[in-house]
Amino acid sequence: ITATGGATSTDGDYLIHTFTSSGTFEVTQGCYYSEVLVVGGGGGSRVFGSGGGGGGGVVYDSAYSINLASYPVVVGAGGAPDNAGSNSTFGTITAYGGGLSGSDSVANGSSGGSGGGAGTWAGQTGTGGAGTTGQGNAGGAQGGVYTRGGGGGGAGGVGATGATSGNGGVGVQSSISGTATYYGGGGGGGARASNGLSGGTGGLGGGGKGSDFSSRNGTDGTANTGGGAGGSRGYNDTTAPGHSGGSGIVIIRYIPFIAGVTLSATSSTAIEGGSNGSYTLVLDGQPSASVTVTLSNDTGEATTTASSY
């Protein structure tokens, strides 16, 4: 394959195209298989007493068929406060954005790539949003009286309930970029009450921290990881702001096309009136069209079975 688009880097024999924003992957030579990772944008968290945003869905294909074509690449935005994350797409692959969290006034988290965590209100028994099969997991449930919102679901694990820790679910690890990295972590749930109670921690893969009871210290999901937003604090801080999820990412890697042929031997012995010599020719790369290899004889003392192949 020979292609353009995104930021390019190498890892051993592999050429890597990384899209941190939308663009086009243009294949100009070769038809073969590539590895593809697509991560949706992380879900945001609601204002006042919210759970963590769900991590963006994560889809990995180890043998995606690539042809001579232009492939639009869409990198999903992280959800702003009070919004779910946006989908990321490459070819036939769609990774769904993470679900929006619940809050003090909206009990349940929303579904998505991974589901948002439930809100904090003690008078309700909210549930976490559902994750998408093959992409993520459910958000955590509401924690009961004066605890936390549920953690947002992660691509690799469910969000914790507010009663346990409110931590965001873990993402999944990939080395497609050349470095082992987690993607699609859930955001931690915000604390509702009980002075000194801490918010949930974000899941590995860019999940934001949930706000503590004593401070508006929640954080956004990390850009280009699909991490969910940390939750806002509750109780009497009715204007406590929600947070944003991290944007998604699309990564494609493959072994590039190499023009040339490999000859099995630099010389071959043929006996006059006896046995023939033999050799093999192998193309060094997958061609995009028929290839002709022409053979010649410097001395004219021998002939080949064909002048070209």
Item to complete: Go through Thr24 and Tyr71 one step at a time and tell me if the side chain to side chain contact (heavy atoms under 4.5 Å, CB included) criterion holds.
Response: CA-CA 6 Å; Thr24 302; Tyr71 292 84; 5.9 Å; no
Distance from [X] atom [atom1] to [Y] atom [atom2], nearest 0.5 Å?
X	Y	atom1	atom2	value
Leu15	Ile252	CG	CD1	10.5 Å
His243	Thr219	NE2	OG1	7.0 Å
Leu204	Thr181	CG	OG1	11.5 Å

Heavy-atom side-chain proximity of [X] to [Y] below 4.5 angstrom:
X	Y	answer
Phe19	His17	yes
Ile93	Tyr64	yes
Thr10	Ile16	no
Val73	Ser22	no
Tyr183	Ile251	yes
Arg216	Pro241	yes
Thr225	Tyr182	no
Asn236	Thr238	no

Which heavy atom of [X] sits nearest a heavy atom of [Y], and at what distance?
X	Y	answer
Gly51	Ser101	O-CB, 3.1 Å
Ala118	Ala141	CB-C, 3.8 Å
Leu100	Asn83	CD1-N, 3.4 Å
Ser211	Ser215	CB-O, 3.6 Å
Phe48	Asp237	CD1-O, 3.0 Å

Any chance the rings of Tyr146 and Phe213 have centres within less than 6.0 Å?
->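 No, too far apart.
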Task: Worked check of side chain to side chain contact (heavy atoms under 4.5 Å, CB included) between Tyr254 and Tyr32 - done: CA-CA 9 Å; Tyr254 55 88; Tyr32 207 51; over 6 Å; no
Expected output: side-chain [X] to main-chain [Y] donor-acceptor under 3.5 Å:
X	Y	value
Asn137	Ser114	no
Asp82	Val47	yes
Ser214	Gly196	no
Gln142	Gly149	no
Ser247	Asn224	yes
Ser88	Val38	no
Ser45	Gly230	yes
Asn108	Gly126	no

Would you list the pairs meeting salt bridge (charged side-chain N to carboxylate O under 4.0 Å, His left out) in which at least one residue belongs to residues 8-28, sequence neighbours left out?
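Counting only pairs at least two positions apart or across chains, the salt bridge (charged side-chain N to carboxylate O under 4.0 Å, His left out) contacts touching residues 8-28 are Asp11-Arg253.
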Practice task
Using distance alone, with no hydrogens and no angle criterion, decide if Ser111 and Tyr96 have a side-chain donor and acceptor under 3.5 Å apart.
Solution key: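 No donor-acceptor contact under 3.5 Å links the two side chains.
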**Message:** Quick one about Glu35 and Tyr60 (side-chain donor to acceptor, distance below 3.5 Å, no hydrogens or angles considered), yes or no?
**Reply:**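 On atom types as modelled, these side chains qualify, holding a pair under 3.5 Å.
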Please determine if Arg233 and Asp212 form a salt bridge, counting it only when a charged side-chain N lies under 4.0 Å from a carboxylate O.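 Salt bridge absent between Arg233 and Asp212.
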Quiz item: Below 4.0 angstrom, N of the basic side chain to O of the carboxylate: do Arg192 and Asp104 qualify?
Solution: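 Yes, charged N to carboxylate O under 4.0 Å.
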Exercise for the section: Look at the side-chain heavy atoms of Ile, Leu, Val, Met, Phe, Trp and Tyr, link any pair under 4.5 Å apart, and say whether Leu37 and Val172 land in one connected group. Expected result: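 In one cluster: yes.
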query = After noting the C-alpha distance and the side-chain angles of Asp61 and Val59, does the key distance pass the side chain to side chain contact (heavy atoms under 4.5 Å, CB included) rule?
reply = CA-CA 7 Å; Asp61 192 327; Val59 181; 5.7 Å; no
Looking at Ser105, Ser103, Ser232, which one forms a side-chain hydrogen bond (donor to acceptor under 3.5 Å, both in side chains) with Ser50?
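When Ser105, Ser103, Ser232 are each tested with Ser50, the side-chain hydrogen bond (donor to acceptor under 3.5 Å, both in side chains) holds only for Ser232.
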Residues 155-170 side chain polar contacts: donor-acceptor under 3.5 Å, at least two apart:
unit_1: Thr161; atom_1: OG1; unit_2: Thr164; atom_2: N; d: 3.4
unit_1: Thr161; atom_1: OG1; unit_2: Thr164; atom_2: OG1; d: 3.1
unit_1: Thr164; atom_1: OG1; unit_2: Thr161; atom_2: O; d: 2.9
unit_1: Ser165; atom_1: OG; unit_2: Asn167; atom_2: N; d: 3.2
unit_1: Ser165; atom_1: OG; unit_2: Asn167; atom_2: ND2; d: 3.3
unit_1: Asn167; atom_1: OD1; unit_2: Thr201; atom_2: N; d: 2.8
unit_1: Asn167; atom_1: OD1; unit_2: Thr201; atom_2: OG1; d: 3.1

Derivation of the side chain to side chain contact (heavy atoms under 4.5 Å, CB included) call for Val36 and Ser34
CA-CA 6 Å; Val36 178; Ser34 64; 3.8 Å; yes
